[in-house]
> 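Shown below is the structure under consideration.
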Amino acid sequence: MKKLLTALLVAPAIAFASGAALHLEKAPEVQRDNAALQSGARTFVNYCMNCHGLSFVRYNRLTEIGLSEQEIKDHLLFTADKIGEKMRVAARPAEQKIWFGATPPDLSLVARARASEDGSGADWLYTYLRSFYRDEKRPTGWNNLVFENVGMPHALWQLQGIQVLNSDHHLELATPGTQTPAEYDKTVADLVGFLVWAAEPDAGFRKQLGAGVLAYLLVLFGFAYKMKKNYWKDIK
């Protein structure tokens with residue numbers, strides 16, 4: 001009985017350890033660059049929001065990355081009437097399920113949900129969006145090295161171009177897109193940065209507050225230590 005229990009407990013760990021590690025490229029850090037976040041917001045609205053929404057984010061929160069309400073209304077407010085509404089897709093989930101076979105997921109928390117021992121969620125997204133290749137065997141005509149047999153088509157293919165797998169199982173750019181590889185990498189980095197921001201818009205404030213609290217506790221510790229020495233100086 002003990003051997004059976006031990007086998008049941010150890011087997012999942014062995015199976016997990018035997019899985020191949022996923023190589024993820026490091027996503028550039030753009031959280032302090034409002035211009036990059038604004039670029040990412042534009043890319044998301046124009047290329048991703050036909051299928052994916054950000055239902056935890058309202059349009060008016062985009063003012064926090066430096067956009068004015070008028071700029072949001074003029075250039076980004078395509079699926080809502082008021083700036084205070086959530087960034088949802090126009091299509092209904094039931095309709096999307098009929099069209100695609102499954103409802104495309106909301107991406108509000110994808111940058112946090114994809115974090116793993118292989119890297120951050122940003123690293124996963126950055127690598128994933130640069131790893132699509134042409135695969136005529138797939139229903140959409142596309143496949144992905146990071147997410148094998150993914151159901152999502154390559155929404156940014158016109159920007160990147162068409163990649164194929166060579167004989168060494170490495171990606172090659174067969175047909176250039178409207179952007180150079182460096183420009184496309186920057187577009188993806190900005191988009192990923194925006195999704196990271198959308199997953200936690202208050203992350204910057206949280207980090208500043210945390211640093212302030214730690215500084216306060218350090219000063220408080222200094223006073224407490226001096227008080228302790230003063231109270232116990234005559235005690236041996």
> Assess, by modelled atom type and distance only, whether the side chains of D74 and Q70 contain a donor and an acceptor separated by less than 3.5 Å.
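There is such a pair between these side chains.
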> Quick check on the hydrophobic clustering: are F78 and L62 connected, directly or via other members, by side-chain heavy-atom contacts under 4.5 Å?
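Yes; L62 is reachable from F78 via cluster members.
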> What I want to check is whether the side chains of D106 and S55 have a donor and an acceptor closer together than 3.5 Å.
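There is such a pair between these side chains.
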> Would you call the rings of H154 and W142 parallel, tilted or perpendicular if under 30° counts as parallel and over 60° as perpendicular?
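Ring orientation of H154 relative to W142: perpendicular.
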> Closest heavy-atom contact between T63 and S68?
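Between these two residues, the closest heavy atoms are CG2-C, 4.4 Å.
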> Examine distances only and state if a side-chain atom of Q163 and a backbone atom of R130 form a donor-acceptor pair shorter than 3.5 Å.
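Checking the backbone N and O of R130 against the side chain of Q163, a donor-acceptor pair under 3.5 Å is found.
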> So, D123 side chain and A27 main chain: donor-acceptor pair closer than 3.5 Å or not?
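Yes; at least one donor-acceptor contact below 3.5 Å.
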> Please confirm whether the backbone N or O of F56 pairs with a side-chain atom of S108, one donor and one acceptor, at under 3.5 Å?
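Checking the backbone N and O of F56 against the side chain of S108, a donor-acceptor pair under 3.5 Å is found.
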> Distance check, rounded to the nearest 0.5 Å: E183 atom CD versus Q160 atom CD?
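One gets 13.0 Å once the value is rounded to the nearest 0.5 Å.
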> Look at the aromatic rings of F194 and F44 and report parallel, tilted or perpendicular, splitting at 30° and 60°.
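If you compare the ring of F194 with that of F44, the planes turn out tilted.
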> In terms of ring plane angle, is the pair Y128 and F147 parallel, tilted or perpendicular, where the classes change at 30° and 60°?
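Y128 vs F147 ring planes: tilted.
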> Check whether more than 12 heavy atoms from other residues, nucleotides or ligands sit under 6.0 Å from atom CZ of R112, and answer yes or no.
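No, because the 6.0 Å sphere around CZ of R112 holds 12 heavy atoms or fewer from other groups.
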> Do L145 and F132 sit in one hydrophobic cluster, given that two such residues count as connected whenever their side-chain heavy atoms are within less than 4.5 Å of each other, even indirectly?
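As far as the 4.5 Å side-chain criterion goes, F132 and L145 are not connected within one cluster.
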